[in-house]
Q: 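Would you mind keeping the following structure in view while I ask a few things?
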Amino acid sequence: MKNSPEIRLTPTRPGLDARPLEKRVGLIILATDHTTEPDFRRMVASDRIGVYVARIPYANPTTPDNLRRMQPSLTAGAALILPDEPLDAICYSCTSASVVIGDAEIEAAVQAAKPGVPVVTPPMAGVRGLKALGARTISILTPYTVETSRPMAAYFAAHDFEIAGFTCLGFEDDREMARIAPASLVDLSLDAMDEKADALFVSCTALRAALAVVGMEEAIGRPVVTSNQATAWNCLRLCGDDEPRAEFGRLMTLPLN
């Protein structure tokens with residue numbers, strides 16, 4: 001048997017950077033989510049900005065009652081992201097649940113674990129994005145059922161948007177929503193866009209809509225805001241990153257007002 005090598009403890013410790021990465025974005029996502037992490041890796045993560053993820057329990061079908069059941073898990077989910085360390089932004093990545101639970105309730109639940117952190121939800125980011133684009137009259141496309149789409153219509157109406165058209169696809173399982181091809185979303189945007197609308201909002205963090213934004217904008221000739229594109233834009237701007245990313249649509253070239 002060979003002798004064990006002597007293990008030497010260095011007498012000095014190397015200096016430490018303040019953080020491994022300058023900025024930190026937290027993500028709270030559904031257990032079933034296939035799309036948010038790849039989208040944020042593509043649009044947000046960099047050598048300067050780290051993206052850190054916690055998953056919380058969720059079970060289909062996507063109904064208002066099931067969506068509300070996530071609320072008690074939000075604080076624990078937020079607490080699991082770099083415990084006892086500050087974040088520059090944290091996003092709860094579920095559009096329909098944010099609408100039925102409420103932005104203020106989500107902010108309170110997240111800040112119970114991460115005091116003072118700016119909280120982003122997809123509908124909130126969608127409103128900010130549409131306003132940054134100067135849109136007042138909008139069309140909306142969702143993958144949900146009519147039942148789950150109704151609160152979405154009420155949310156945007158409550159934020160002073162006129163809804164010229166609202167189209168839903170009738171899906172109940174977010175894992176199937178994630179399987180809708182981006183090219184199909186381009187075709188669907190043509191059907192969903194009302195000629196009186198200034199912009200199209202495409203709801204749902206499960207959809208791979210961020211990959212289709214440019215194609216949709218070219219097809220309809222209007223700006224398009226999607227759930228993950230809007231939250232990525234909002235989180236980037238909160239991290240002080242104002243670099244235009246036109247490959248992800250017109251919104252990604254604008255400042256956060």
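Just so you know, residue 1 is the first one in the sequence shown, and it goes up from there. Because the structure is predicted, anything quoted here is derived from the model rather than measured.
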Q: Between Ser96 and Thr148, do the side chains contain a donor N or O and an acceptor N or O under 3.5 Å apart?
A: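 On atom types as modelled, these side chains do not qualify, holding no pair under 3.5 Å.
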Q: Would you say Ile81 ends up clustered with Tyr58 if hydrophobic residues are merged whenever their side chains have heavy atoms under 4.5 Å apart, either directly or through other cluster members?
A: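 Result: yes, single cluster for both.
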Q: OH of Tyr52 to CD1 of Ile28: how many Å apart, nearest 0.5 Å?
A: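 Separation between the atoms: 16.0 Å.
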Q: Answer yes or no: is there a side-chain heavy-atom contact under 4.5 Å between Asn66 and Pro61?
A: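 The answer is yes; the side chains approach within 4.5 Å.
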Q: Quick one: pull up CG in Leu130 and CZ in Phe156 and give me the separation to the nearest 0.5 Å.
A: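 Here the rounded value is 6.0 Å.
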Q: State, without any angle test, whether Asn60 and Thr62 hold a side-chain donor-acceptor pair at a distance under 3.5 Å.
A: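 Yes, because at least one side-chain N or O of Asn60 sits under 3.5 Å from a partner of the opposite role on Thr62.
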Q: Between Leu236 and Leu254, is there a shared hydrophobic cluster once you connect ILVMFWY residues whose side-chain heavy atoms come closer than 4.5 Å?
A: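 Yes, Leu236 connects to Leu254 through the hydrophobic network.
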Q: Is any side-chain N of the basic residue among Glu85 and Arg24 closer than 4.0 Å to the acidic one's carboxylate O?
A: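 So Glu85 pairs with Arg24 through a salt bridge.
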Q: What I'd like to find out is whether the side chain of Arg222 reaches to under 4.5 Å of the side chain of Asp198, using heavy atoms alone.
A: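 Arg222 vs Asp198: side chains apart.
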Q: State plainly whether one hydrophobic cluster holds both Leu30 and Val25, where clusters connect Ile, Leu, Val, Met, Phe, Trp and Tyr through side-chain heavy atoms under 4.5 angstrom apart.
A: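 Per the 4.5 Å side-chain linkage, Leu30 and Val25 are not co-clustered.
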Q: Check whether more than 12 heavy atoms from other residues, nucleotides or ligands sit under 6.0 Å from atom CZ of Arg136, and answer yes or no.
A: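 No, the 6.0 Å shell around CZ holds no more than 12 heavy atoms from other groups.
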Q: So for atom CZ, which belongs to Arg19, do other residues, nucleotides or ligands contribute more than 12 heavy atoms lying within a distance under 6.0 Å?
A: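 Check passes, neighbour count above 12.
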Q: More than 12 non-hydrogen atoms from neighbouring residues, nucleotides or ligands closer than 6.0 Å to CD on Glu195, yes or no?
A: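 Not buried by this count: 12 neighbours or fewer within 6.0 Å.
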Q: Identify whether the distance between the nearest side-chain nitrogen and carboxylate oxygen of Arg55 and Glu37 falls below 4.0 Å.
A: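 Looking at Arg55 and Glu37, the cut-off is met.
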Q: Without hydrogens or angle criteria, can the side chains of Ser203 and Tyr144 be said to hold a donor-acceptor pair below 3.5 Å?
A: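 Tyr144 and Ser203 do have a side-chain donor-acceptor pair below 3.5 Å.
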Q: Report the C-alpha separation of Glu6 and Arg8 in whole Å, then their side-chain angles, then the decisive distance to 0.1 Å, and conclude whether the salt bridge (Lys or Arg N to Asp or Glu O under 4.0 Å) test is met.
A: CA-CA 6 Å; Glu6 181 182 354; Arg8 184 176 66 90; over 6 Å; no
